[in-house]
Each structure stands twice: as structure tokens, then as C-alpha cells.
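Data first, discussion second: the structure below is written as C-alpha cells.
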Amino acid sequence: MDQLKQTHCQMITTARIHDTYAASRLLNFCAVSESGDVNYALKLFKSTPEPNSFMWNTLIRAKASSPNPQEALLLYIDMRRLGVIPGKHTFPFVLKACSNLNTIKSIKQVHAHVLKFGLDLDLHIVNGLIRGYSVSFGLDNARKVFDEASERNLSIWTTMICGYAQNDFADEAIKLFDYMISNRYEPNGVTLSSVLSACAQSGRLDLGRKIHVYVEEKGIELGVILGTALVNMYAKNGAIPKAKQCFDGLKEKNIATWNAMICGLAVHGHANEALEFFKTLDKRRMMPNNITLVGVLSACCHAGLYDYGCEIFYSMKKIYGIDPKIEHYGCMVDLLGRAGRLLEAEELIKGMVWKADVVVYGALLSACKEYGNIEVAERVVKEILVLDPDNHGAYVVLSNMYAEAGRWEDVSQRRNVMKEGSLKKTPGLSSVDDILQNPDFELPISNLPTNSTSSFVLLNENNTIPGWTFQGEVRYVTAGANVSLPRNGHAIMLGQDGKINQTFTANGDLIQYLLTFTLSLASDNCKANVSLVVSAPDSSAEFSFTQKYGKETWEVYGQQLGTWGNGESVNLILQSQVTDTDPNSTCWPVVDTLFLKTLGPLAQNSDNLLPNGGFELGPAFLDSSGEGVLLISEPSLVESALQQWTIMGTVKYINSKNHFIPEGKAAIEIVSGVSAGIQTAKTLSDGSNYNLEFMLGDANDSCSGEFIVGVGAGSSAQNFSLQSNGSGAVKKYSMTFKGGPSLTQITFLSHKTTQREDGVFCGPVIDGVVLRASHGHKSNLQPILIALVFLAILQMSELL
DNA sequence: GTAGGGTTAG
């Protein structure tokens with residue numbers, strides 16, 4: 001800076017300072033260099049009569065990574081006010097500022113400006129947008145930018161993968177990584193750091209190992225970040241010796257590397273070793289940070305080291321200069337709670353400068369449960385419900401505590417409070433509830449023979465099953481050598497005239513109930529044609545095995561039971577039905593793992609005329625529904641399990657956990673071949689132009705071949721095809737059509753039958769169906785984005 | 001003359 005100042009003087013005395021180009025070089029050094037001085041840069045800037053866009057960019061860049069990133073945004077606003085046109089270098093810095101801001105969410109407004117200046121094709125800017133949305137405005141938006149990018153490079157893939165990993169969507173991160181590999185991109189160390197983090201979160205030691213081998217084979221340098229990610233991956237997955245080996249082998253370590261080791265050891269019950277590592281930090285002249293102390297305190301919790309934990313907690317400010325944050329208090333509440341010091345824990349929470357959150361209270365509630373302290377638990381539950389009115393878990397814990405203490409009146413009172421809706425559900429959101437009793441038949445029958453060799457025990461009046469009533473031949477099935485069930489355990493076989501039923505009470509204003517369940521057959525060598533009939537007061541559907549739609553011996557089905565209001569009593573009946581008599585048949589239906597999901601009123605989406613065009617609203621996925629949930633033919637819009645769509649043939653409702661989904665968390669795979677598909681209808685204005693957008697893809701389920709989907713909209717029809725190699729691809733299509741006089745129908749029908757190599761029927765994936773009024777002129781700016789621009793300009797002018 | 005993506009947490 002000394003030399004720079006001398007040069008600056010020379011430039012002033014020789015009037016060269018008026019050469020804006022030369023002045024900008026001075027500014028650049030001050031603003032960007034490690035040995036620079038941002039304040040000096042600001043003075044220089046202010047003394048420049050007409051700073052050019054380079055100077056603006058440089059200053060915005062400096063402020064974007066400063067402790068006050070909002071100053072970068074204010075500079076950008078000044079720049080606009082003075083009429084300086086931002087360029088392709090401006091927005092990466094402005095977007096960086098958005099990403100670095102913790103509180104103000106400005107990404108959407110900046111996005112609007114990017115569009116306004118026509119810079120949305122620039123890859124650096126696309127990257128900045130994805131990053132910005134990932135940290136502040138939701139992954140769905142980030143993914144939308146990613147999906148709609150005209151072109152992608154490794155950085156963009158990496159940013160999106162990192163976005164998932166950092167937001168705890170490890171499975172999504174890994175899925176996208178797989179997809180990236182299938183698109184033949186070669187990951188580098190930056191990409192792999194994020195993927196390793198995802199492997200650590202989701203227990204993917206297998207993939208983590210492969211990445212380690214890949215890194216070694218490719219000679220990718222194990223720098224401190226990639227090295228730390230690797231150590232963390234091994235440590236979190238419990239491969240402690242391997243973690244240590246990597247740790248020792250790293251040339252460079254920082255505090256994060258040590259934290260990965262300490263936290264990994266703490267989590268896996270090696271508390272004392274974690275503390276040993278912690279004590280070694282001193283010798284390595286490494287300074288612990290707040291995360292280190294979280295690890296140390298949690299190690300103390302796990303090992304019950306009450307005194308040492310307290311010592312660390314009460315001296316951390318003095319010794320390490322770290323103020324205890326809510327995370328540290330969380331550990332302490334846990335530590336005190338485990339030691340039975342519930343009142344002290346409660347006092348500790350009251351004394352915090354932060355507002356206690358659900359995690360802190362949750363730790364205390366667990367301790368209350370452990371020690372049976374109902375008095376404290378009641379106070380804690382009250383606090384939890386203030387913070388999170390929908391927290392059923394807290395009620396359940398308290399209710400169980402009453403039950404354990406024999407306070408049955410309190411139990412039923414609690415239940416009533418829940419039913420009367422002091423725990424109100426938010427409309428439009430779905431929830432999965434424990435509405436049914438014994439829904440997976442794991443509460444055993446009254447006289448389950450302990451050493452019985454029989455896997456099928458006949459129910460009778462002395463041998464009943466909790467929660468259910470039954471008639472006819474009903475058998476209690478236990479998984480074993482000759483019976484396989486979704487979660488092992490138990491299930492119910494419905495034999496001759498077999499029927500089970502259960503009554504539950506609807507709670508909430510007109511809520512729709514969707515049932516998911518698994519169905520298998522008691523013998524895989526079936527002659528007779530037997531089906532299962534599931535019925536409720538307003539609906540009935542018949543399920544039978546016709547084709548193989550998954551690799552398991554059971555299949556998962558979804559059905560809408562009906563819509564009921566508060567207090568209505570619903571009788572759910574499951575019974576066998578013989579459609580082709582064979583008295584020697586042993587081929588009866590076996591049902592298991594029933595799951596009820598409720599859906600509130602349908603939310604309207606302003607930029608899509610079709611509600612549920614993304615198929616996000618449908619039946620629940622079971623843990624065992626890796627192959628998706630089958631929806632059978634249902635011609636009624638009102639009775640369909642897939643909101644707003646009728647079903648032809650059989651379609652599979654698939655989720656992002658187990659399949660490649662073009663958008664959001666769920667999609668439809670048309671599996672039963674020719675003329676199977678989905679249909680919806682909408683009142684449109686007669687003769688007006690509309691635009692229908694949708695995505696056609698494959699589910700990454702090895703379903704390969706040519707997919708042909710016929711799309712009908714009003715009186716228009718068109719075929720769309722996709723050559724699938726079954727590894728997760730998607731194509732976006734659109735078509736225009738005219739609205740009809742009454743209801744206009746929109747139909748997606750498969751024109752081909754496809755089978756996987758293992759014989760399983762499969763087919764095209766449909767997702768992201770968007771219907772919009774078309775305004776005639778061709779614009780690649782979508783209406784929503786145009787609206788966004790106007791909104792943003794309005795907001796910006798308010799700021800000014 | 002200016003630019004992008006990464007590790008650790010109750």
C-alpha cells in the first residue's frame with residue numbers, strides 16, 4: 001500500500017489520475033489484493049468523477065466477500081441509479097453477495113435484473129444464480145435454473161450437487177452426481193468433496209470408498225478440503241481405522257479436519273478417544289472453534305462425562321474465546337438431562353440469551369421421559385407447542401408418560417385435545433398420521449404360538465388381532481423361510497370369505513384420506529384368480545396381480561378412500577374375493593403395512609392452470625415402496641388417488657428417493673403399456689390459445705427402449721417420443737392448442753409396451769405438466785419471469 | 001483490465 005500511495009501521488013501531480021483506465025488499476029489493487037485496503041479503494045472511487053463499470057464491478061466484488069455483503073447490493077443500486085449498465089462481470093459479484101447474505105433474501109430481485117439485461121445465458125451467472133437460490137431461496141428454484149440452463153459445465157453441476165449436499169438432501173446430491181456421470185462429465189476434487197459429504201450424511205460408505213479409489217487412480221490432489229471430506233466420510237460411517245489412516249496421511253490439516261475426526265469418534269461411541277484428539281490440538285497449535293466444542297461436548301454426553309463437560313462449557317469463553325451458542329446449550333441440556341438434573345437443565349434454558357428451539361426442548365423432553373418426570377415434561381411440551389403447534393411427537397411422548405404412570409384420564413384428555421384440533425393442520429399440506437391402529441400387524445395376535453412351525457395361524461374368537469375385527473378365514477402370517485414380507489415381521493392373509501375391518505374417526509375439516517398398502521399372494525404358484533377388495537363408505541376398489549411391476553414378490557398400491565369431515569366415522573374394510581372358483585386354491589391375498597395419508601384443500605398455483613401438474617400430491621410412499629406405488633384404473637377425477645388426474649390402465653407413482661424424477665419429489669411412470677396413462681380436464685375459454693408444457697423422461701430404472709406418448713389437448717393431438725436407455729433422462733416438450741367449448745381434456749397415453757430385462761413392466765415418465773394461456777407473441781421469457789421483473793423493479797424503486 | 005464450484009455442527 002505504501003508504494004501504491006506514492007504512485008497515486010505521482011498520478012495526481014501529473015494529472016494522470018483523470019485517466020480512468022489507469023485509476024481503475026489502482027482501485028483494483030486496493031480492493032482485491034490481500035495487502036490492499038478496501039477503505040482506500042472506496043476513497044479513490046469517490047474521488048473519481050465518472051467511474052466506469054470496471055470500477056463498480058471491482059468495488060462490488062470487494063464488498064461481496066466482506067463481512068457486510070449488503071454493501072455490495074447497495075453499491076449495485078447506486079450503480080443502477082446513476083445509469084451505469086451492469087455487464088456479465090457485474091452479476092457474478094452481486095450474486096456472490098446474495099449468497100453471502102444470511103438474512104436479506106435478494107436473489108429473486110437480482111435474477112429479475114439478470115433477465116432484464118439479457119444475461120441469463122452466461123454460465124458464470126447461471127452458476128451464481130444456482131448457488132444463490134441454493135443458499136437462500138430454496139433448492140426447487142435452484143434446480144429450475146439448473147434444468148432450464150441452455151448449457152452446463154462442470155462448475156454448474158458441482159454447484160447444484162453441492163446445493164443438495166449442503167441442504168441435507170444427500171440422496172438427491174448423489175442421484176444428481178450419478179446423472180452427471182451418465183452424461184460423461186468427469187468430476188474433479190471440488191465435485192467429489194460435496195459428494196463425499198453426501199456419502200457421510202447418508203451412510204454411503206460403498207460410494208465413498210469408490211470415490212477414494214477414483215481420487216487415487218486419477219491422481220487428484222488430496223488437499224485439505226477434499227482430505228477433510230474423505231476423513232469425515234470414513235469417520236461418519238464408522239470406519240474409524242480408515243479415517244485415522246487418511247487423517248495421518250494428509251499433508252495439510254485444518255480445524256475442520258480435526259473436527260471431522262473428533263465428531264466422528266464422538267458419534268460412534270469413542271468418546272475418550274475424541275477427547276484425546278481434542279487435547280492434542282494444543283500441541284499442534286491448532287485453535288478449536290465452535291464446532292470442535294460441539295463435538296467435545298457431545299462426546300461428554302455419550303460417555304456420561306458430566307464433570308468434564310461442565311468444565312469445558314463454563315470455561316470455553318475464557319479459554320478459547322468462544323461464546324456458547326445454542327448448539328452448545330443443546331449438548332449441555334442433554335448432558336444435564338442424562339444425569340437426571342432436569343431442573344438445572346430447565347434453568348439453563350431459561351438463562352440463555354437465545355430463544356430456545358425445538359431441539360433444545362426435545363433433549364430435555366427425552367430426559368424427562370427417561371426419568372419419568374411428568375411435571376417438567378408438561379412444561380416442556382407446552383413450550384414446544386408454542387414453537388411448533390404441529391408437533392405431534394411431543395404429545396405422543398407425554399401421552400405415553402401418562403400411560404406409563406397409569407394416568408389414563410390424562411391420556412384420553414390428551415387424545416381429545418389432539419382430536420379437537422388444537423393441533424391444527426395447515427391446509428394444503430399433507431401429513432402422514434398414525435390414524436390406524438396396528439397398521440402393520442406387528443402387534444401380535446393374542447395367542448401367537450412361540451415355537452410354532454406354521455407361518456399361517458388361523459384367527460378365531462380366542463385368537464384375535466389388536467385393532468382389527470375379522471370374519472371368515474383370516475390368518476396371521478409370520479415371515480420366514482417360505483413367506484417373504486415387505487418388512488419381514490407379520491401380515492394378514494385373507495382366505496375364504498376372509499375380511500378384516502377397522503373404524504377410525506376423521507379429524508379436521510374435509511380431509512381426503514389416501515391409503516397405501518402392500519399386497520402379495522400366499523403362494524407364488526397360483527391357479528385361482530383371487531383379488532383383494534378395499535372399501536370405505538364412499539369407495540371401493542379391487543386389486544389383483546396381473547403383471548409384474550416390480551422386482552419384489554409383493555406390490556405396493558395406493559387408493560383414495562374418500563373425504564370426510566371432523567368426527568365422521570369411517571369403516572375401512574379389506575376382504576378377499578374369488579373371481580374364479582377353485583376349491584383347492586391356496587392363492588389368497590396377503591396385506592401388510594397399511595399407511596394413511598391425509599391431504600388438505602388443493603392449493604392453486606398462479607403460474608399453472610393445472611393443479612398438481614407436477615404430481616406432487618398423491619398417496620404416501622412406504623419405506624418398502626422402492627419400486628413405487630401402483631395406481632390402478634380410476635376414471636373419476638374425484639375418486640382418484642392422484643389429485644386432479646384420472647388413471648387409465650396402471651401407472652406407477654414414483655418418488656425422487658428411488659427414481660430419477662424430472663422435477664420435484666414425485667412423478668408418474670406409465671407402466672401397463674398401450675393405452676395406459678393419465679387424464680385431466682379443465683374449463684378453458686373457447687377458441688383461445690393455450691400452451692401445454694410437460695417433461696417426458698425415464699425413471700433411471702433400467703427401462704430401455706423407445707417410449708411413445710400421445711398427448712391430447714382439446715382437439716389437438718401429437719405424439720412425442722423418447723429413446724430411453726433407462727438411466728434417467730428427460731426431455732422438455734410443449735404444444736399449443738385451442739380451448740374447447742366446455743371442459744377441455746388433456747391426456748397423456750402410452751403407445752407402446754416396455755419391459756425391463758427382468759420382465760418387469762415399465763414405461764415413460766411424465767412430470768411437470770404446465771398449462772398456460774398463450775398470448776400469441778413468441779417470447780422465451782416465461783410470463784412468471786416477466787411478472788418477476790416488474791415486481792423486482794417495483795421493489796427496487798422502493799429501496800431507492 | 002474484472003468471474004464460478006468444495007470440508008467440519010446440538
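Chain naming here is simple, since letters A, B, ... match the order of the sequence lines and numbering starts at 1 in each. Keep in mind the model is a prediction, meaning the values are calculated, not measured.
The nucleotide whose nearest atom lies closest to any side-chain atom of A:Asn259 is, among B:dT8, B:dG6, B:dG4, B:dT8. Listed candidates were B:dG5, B:dT2, B:dT7. Nearest to the side chain of A:Asn57 is B:dT2. Taking every side-chain heavy atom of A:Glu327 into account, B:dA9 is the closest of B:dA9, B:dG5, B:dT7. Candidate nucleotides B:dG10, B:dT8, B:dT7 were compared by shortest atom distance to the side chain of A:Asn254, and B:dT7 ranks first. Closest approach to the A:Ser298 side chain among B:dG10, B:dA3, B:dT2 is made by B:dG10 (side chain taken as heavy atoms from C-beta onward). Between B:dT8, B:dG4, B:dG5, one nucleotide has an atom nearer to the side chain of A:Cys162 than all others, and that is B:dG5. Checking B:dG10, B:dT8, B:dA3 against every side-chain atom of A:Ile291, the shortest atom distance belongs to B:dT8.
Across all strands shown, A:Asp168 has no heavy atoms under 4.0 Å from either base or sugar-phosphate atoms. Among the atoms of the strands shown, base atoms are found under 4.0 Å from some heavy atom of A:Tyr21. Looking at heavy-atom distances under 4.0 Å, A:Ile262 makes no contact with the nucleic acid at all. Using a 4.0 Å heavy-atom distance criterion, A:His328 is classed as making no nucleic acid contact. Base contact: A:Val360 has a heavy atom under 4.0 Å from a base atom. Residue contacts for A:Leu154: at a heavy-atom cut-off of 4.0 Å it reaches a base atom on one of the strands shown. Residue contacts for A:Lys236: at a heavy-atom cut-off of 4.0 Å it reaches the sugar-phosphate backbone alone, with no base atom in range.
Following rounding to the nearest Å, A:Leu348 (CG) and B:dG10 (P) show an atom-to-atom distance of 18 Å. When the P atom of B:dT2 is taken as reference, atom CG of A:Leu75 falls 20 Å away, rounded to whole Å. Between A:Arg25 atom CZ and B:dT2 atom C1' there is a gap of 8 Å when expressed in whole angstrom units. Counting to the nearest Å, the P atom of B:dG5 and the CG atom of A:Leu95 are 11 Å from each other. Regarding A:Ile322, its CD1 atom lies at a distance of 16 Å from the P atom of B:dA9, rounded to whole Å. In this structure, A:Ile125 atom CD1 and B:dG5 atom P are separated by 14 Å, rounded to whole Å. In this structure, A:Ile220 places its CD1 atom 17 Å from P of B:dG6, rounding to the nearest Å. Distance CG (A:Leu297) to P (B:dA9): 15 Å, rounded to an integer number of Å.
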Please table the atom pairs, donor to acceptor, closer than 3.5 Å between any side-chain atom in residues 168-181 of chain A and protein atoms at least two apart or in another chain.
unit_1, atom_1, unit_2, atom_2, d
A:Glu172, OE2, A:Ser656, OG, 3.0
A:Lys175, NZ, A:Ser656, O, 2.8
A:Lys175, NZ, A:His659, O, 2.7

Validation: residues 194-203 of chain A side-chain donor-acceptor distances under 3.5 Å, sequence neighbours left out:
unit_1, atom_1, unit_2, atom_2, d
A:Ser197, OG, A:Gln201, NE2, 3.4
A:Gln201, NE2, A:Ala165, O, 2.9
A:Ser202, OG, A:Ala198, O, 3.0

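Between A:Glu663 and A:Lys144 there is no salt bridge, since none of the side-chain N atoms of the basic residue sits less than 4.0 Å from a carboxylate O of the acidic one.
Counting only N and O atoms by type, the side chains of A:Thr159 and A:Asn127 include a donor and acceptor under 3.5 Å apart. Between the side chains of A:Asn259 and A:Thr292, at least one donor N or O sits under 3.5 Å from an acceptor N or O.
Between A:Gln166 and the phosphate of B:dT7, there is a side-chain N or O to OP1/OP2 separation shorter than 4.0 Å. OP1 or OP2 of B:dT8 lies within a sub-4.0 Å distance of a side-chain N or O belonging to A:Asn232. Applying the 4.0 Å criterion to OP1 and OP2 of B:dT2, one finds that A:Lys96 has every side-chain N and O outside that range. Checking the phosphate oxygens (OP1, OP2) of B:dG6, a side-chain nitrogen or oxygen of A:Arg131 falls inside 4.0 Å.
Aromatic ring orientation, A:Trp56 versus A:Phe45: perpendicular (interplanar angle above 60°, classes split at 30° and 60°). Between A:Trp157 and A:Tyr185, the two ring planes are tilted [angle within 30° to 60°].
With A:Thr158 as reference, A:Val190 is the one residue of A:Val190, A:Leu192, A:Asn153, A:Ile130 to meet the side chain to side chain contact (heavy atoms under 4.5 Å, CB included) rule.
Non-hydrogen atoms lying under 4.0 Å from DNA chain B are contributed by A:Asn188, A:Gly189, A:Val190, A:Ser193, A:Ser194, A:Ser197, all within residues 177-207 of chain A.
For B:dG5, the base has no donor-acceptor partner in the side chain of A:Asn153 [N/O atoms by modelled type, under 3.5 angstrom].
In this structure, the ring of A:Phe277 has its center less than 6.0 angstrom from the ring center of A:Phe247.
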